[in-house]
Trainee: 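Structure incoming, see below.
We name chains A, B, ... by the order of the sequence lines, and we start the count at 1 in each one.
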2 protein chains.
Amino acid sequence: MCSNCPMQSDRDAGAATETLETPRFSPLYQQIKGLLTRGLKSGEWRPGEPIPSEIELAARYGVSQGTVRKAVDELAAENLLVRRQGRGTFVATHHEPRTQFRFLRLRPDHGAAPGPMASRILECKRLRAPVDIARALRLRTGEGVVVIRRLLSFDGKPVVLDEIWLPGAQFRGLNADRLGAYEGPMYGLFESEFDTRMIRASEKLRAVGADAVAAKTLGVAPATPLLLVERISYTYEDRPVEVRRGLYSTREHHYFNELA
Amino acid sequence: MCSNCPMQSDRDAGAATETLETPRFSPLYQQIKGLLTRGLKSGEWRPGEPIPSEIELAARYGVSQGTVRKAVDELAAENLLVRRQGRGTFVATHHEPRTQFRFLRLRPDHGAAPGPMASRILECKRLRAPVDIARALRLRTGEGVVVIRRLLSFDGKPVVLDEIWLPGAQFRGLNADRLGAYEGPMYGLFESEFDTRMIRASEKLRAVGADAVAAKTLGVAPATPLLLVERISYTYEDRPVEVRRGLYSTREHHYFNELA
DNA sequence: TAGTGGTCTAGACCACCGT
DNA sequence: CGGTGGTCTAGACCACTAA
């Protein structure tokens with residue numbers, strides 16, 4: 001055992017039942033998981049890079065390889081890490097094709113492949129956060145935010161009209177030019193240029209009628225039923241960093257979901 | 001090691017690389033998982049009942065407890081089993097409140113709790129499978145199917161109009177009376193009375209306008225945008241056993257989804 | 001208290017990858 | 001070949017539940 005091992009004290013605290021059913025015992029591997037998450041958040045290991053081998057981590061933290069393994073397993077299940085047998089364990093990134101459009105659940109009705117996709121930035125401006133956006137992003141009302149409006153086309157046909165809200169302070173320097181110049185998924189840009197990695201998201205879906213602007217942009221008749229998708233994206237420690245309202249045209253596409 | 005252990009032969013086959021990259025090594029715990037799944041499918045252990053303890057299973061299959069543990073872990077992650085510390089491992093069931101409406105993703109806009117729900121059977125008849133339903137259920141066109149139409153109300157207000165297609169042979173004896181008499185979720189009835197346990201499902205969502213019948217039934221104006229949810233439910237070994245088309249009124253509710 | 005699942009360890013060996 | 005993750009074992013001990 002390593003002498004300055006940060007684990008032991010916590011272990012005892014868990015067993016001691018000090019306060020009224022609050023922490024209630026935290027397994028070692030959970031603590032390791034916390035330390036690894038801290039390393040990810042702090043940028044000690046950056047997206048796409050490998051983290052140290054299990055043996056190294058076990059030595060560093062003064063625990064067995066099996067304990068590290070369980071911690072890494074869970075982080076991999078949460079899509080924070082990617083295991084690659086024979087090569088190592090890597091920090092997940094939005095740049096690889098496999099994880100590129102992980103959060104976009106729209107599929108063409110015919111043909112499994114998503115097909116060629118194009119993104120056109122319609123607008124990118126900065127303004128003060130309205131109440132609802134501020135609350136969702138845990139900002140004060142009136143704090144600066146960035147709003148992006150963009151059109152997503154599948155196979156040349158417009159399909160998704162997005163309105164994206166981001167905390168202004170965190171996305172300083174983001175503008176239409178940079179968005180337009182960037183190839184690849186927007187979350188890749190956020191990750192590389194603004195140190196903000198989207199970990200998970202929750203969505204609320206509704207059916208609504210197309211208003212005049214949406215109808216024109218998406219090339220459908222006014223009042224056409226559209227899928228309204230409201231997304232909140234979270235980064236490390238469940239901190240919300242994006243509100244996205246998308247209008248999906250579901251004439252030739254559908255939103256796909258697996259229920260397990 | 002137990003002498004008639006069914007594992008060894010497979011192990012060797014995996015290492016021998018007999019054919020051109022087909023099976024490619026199957027870990028022991030995967031084989032155990034297969035044996036456990038077989039026991040579940042065959043009804044050796046029924047929904048709600050405990051399976052043997054890890055130590056017993058390890059002895060029966062001639063492997064270590066750790067190997068059984070990994071198999072059970074995966075089955076629990078897939079919601080086929082439920083672990084309960086200090087009590088045992090149980091076969092998952094659609095009867096318990098926790099897993100009761102696991103596949104219904106509709107939530108009220110205000111207030112987290114789904115609130116009181118009522119199901120009214122509008123129709124239950126038997127007819128010959130149309131092409132699309134037959135293909136989805138892997139039946140021949142014209143084979144007998146059951147169609148159920150039912151209305152789901154939240155808090156007294158109609159919200160979901162469902163059309164449910166089931167293979168007739170498997171659901172012999174299902175009729176409106178039995179559906180009406182049954183309290184609780186429909187999947188609970190299917191599980192108890194027809195030996196059919198829904199394991200997972202996939203859904204396709206679209207926005208559509210309400211037709212005359214749907215509008216009247218759901219109490220909305222014709223052409224009101226509704227969420228069309230097409231679900232295919234699967235039982236063991238990914239066998240499809242239900243096609244469900246639901247029209248969701250999203251005036252005061254929304255479809256909730258977590259993206260991980 | 002006995003029995004269950006949950007954690008942790010130490011060590012062996014295997015499958016896969018790059019060099 | 002050496003290093004990585006992946007599998008498997010055997011055994012110790014802990015946390016939880018029910019009787």
Side-chain angles (χ1 to χ4, degrees), chain A residues 1-2 5-8 10-17 21 23-34 36 45 49-59 61-77 81-92, chain B residues 1-2 5-8 10-18 21-34 36 45 49-59 61-77 81-92:
Chain A
M1 283 299 126
C2 87
C5 168
M7 305 292 99
Q8 298 305 337
D10 260 36
R11 294 273 288 157
D12 296 345
T17 315
E21 55 170 318
R24 211 188 185 97
F25 171 68
S26 169
L28 247 188
Y29 76 87
Q30 287 287 3
Q31 302 176 43
I32 303 295
K33 204 177 148 184
L36 291 173
W45 312 298
E49 292 178 357
I51 67 172
S53 76
E54 294 178 354
I55 294 176
E56 277 182 81
L57 290 171
Y61 298 132
V63 300
S64 79
Q65 183 181 354
T67 300
V68 169
R69 176 153 262 276
K70 181 143 186 173
V72 172
D73 275 345
E74 292 207 352
L75 291 172
L81 296 175
V82 178
R83 287 176 166 292
R84 283 192 256 227
Q85 179 169 135
R87 307 223 280 125
T89 301
F90 298 77
V91 182
Chain B
M1 281 297 136
C2 86
C5 167
M7 304 292 97
Q8 298 303 338
D10 260 35
R11 294 272 288 157
D12 296 345
T17 317
E18 315 185 62
E21 53 171 319
T22 357
R24 209 185 188 99
F25 173 67
S26 170
L28 247 188
Y29 75 87
Q30 287 287 3
Q31 302 176 43
I32 302 296
K33 204 176 148 186
L36 291 174
W45 311 298
E49 293 179 356
I51 67 171
S53 77
E54 293 179 353
I55 294 176
E56 276 182 81
L57 290 171
Y61 297 133
V63 300
S64 80
Q65 183 180 355
T67 300
V68 169
R69 176 154 262 277
K70 181 144 188 175
V72 171
D73 276 345
E74 293 207 351
L75 291 172
L81 297 175
V82 178
R83 288 176 165 292
R84 283 191 256 230
Q85 180 171 140
R87 308 224 281 127
T89 301
F90 298 76
V91 182

Trainee: A/Y29 OH to C/dT9 P: how many Å, rounded?
Mentor: 13 Å

Trainee: Quick check for you: to the nearest 0.5 Å, what is the distance between A/Q31 atom CD and A/T67 atom OG1?
Mentor: 10.5 Å

Trainee: In whole Å, what is the span from the CD atom of A/E49 to the P atom of D/dT4?
Mentor: 16 Å

Trainee: Taking the six-membered ring of A/F90, is the NZ or CZ of A/R83 close enough (under 6.0 Å from the centre) and on axis enough (within 45°)?
Mentor: no

Trainee: Rounded off to whole Å, could you give me the CZ-to-P distance for the B/R83 and D/dA15 pair?
Mentor: 18 Å

Trainee: Less than 4.5 Å apart, any side-chain heavy atom of B/K33 and any of B/K70?
Mentor: no

Trainee: Quick check: on DNA chain D, is the nucleotide nearest B/K70 upstream (toward 5') of the one nearest B/G86, or the reverse? Name the residue that is more 5'.
Mentor: B/K70

Trainee: Do the side-chain N or O atoms of A/R69 get closer than 4.0 angstrom to the phosphate oxygens (OP1, OP2) of D/dG5?
Mentor: no

Trainee: Looking only at the side chain of A/R87 (C-beta and beyond, no hydrogens), which of the listed nucleotides C/dT9, C/dC17, D/dG6 gets closest?
Mentor: C/dC17

Trainee: To the nearest Å, give me how far apart CZ (B/F25) and C1' (C/dC17) are.
Mentor: 16 Å

Trainee: Can you tell me the distance, in whole Å, between the CD1 atom of B/I55 and the P atom of D/dA12?
Mentor: 13 Å

Trainee: Please pick, from C/dC8, D/dC8, C/dG5, the nucleotide with the shortest atom-to-atom distance to any side-chain atom of B/S64.
Mentor: D/dC8

Trainee: Establish, with yes or no, whether the OP1 or OP2 oxygen of D/dT4 is under 4.0 angstrom from a side-chain nitrogen or oxygen of A/T89.
Mentor: no

Trainee: Round to a whole Å and report the spacing from CD of B/Q30 to C1' of C/dA15.
Mentor: 15 Å

Trainee: It should be established whether B/R84 places a side-chain nitrogen or oxygen under 4.0 Å from OP1 or OP2 of nucleotide D/dT17.
Mentor: no

Trainee: Of the nucleotides D/dC8, D/dA15, C/dG5, which has the atom closest to the B/S53 side chain?
Mentor: C/dG5

Trainee: Rounding to a whole Å, what distance do you find between B/E54:CD and C/dT7:C1'?
Mentor: 12 Å

Trainee: For C/dT7, take OP1 and OP2 only and decide whether either is under 4.0 Å from a side-chain N or O of A/T67.
Mentor: no

Trainee: Give one of base, sugar-phosphate or nothing for A/Q85, where a contact means two heavy atoms less than 4.0 Å apart.
Mentor: base

Trainee: For a 4.5 angstrom cut-off between non-hydrogen side-chain atoms, does B/Y29 reach B/D73?
Mentor: no

Trainee: Could you report the tightest heavy-atom contact between A/Y61 and A/I32, atom names first, then the distance?
Mentor: CB-CD1, 3.7 Å

Trainee: For B/Q65 and C/dC8, give me the distance from atom CD to atom C1', rounded to whole Å.
Mentor: 13 Å

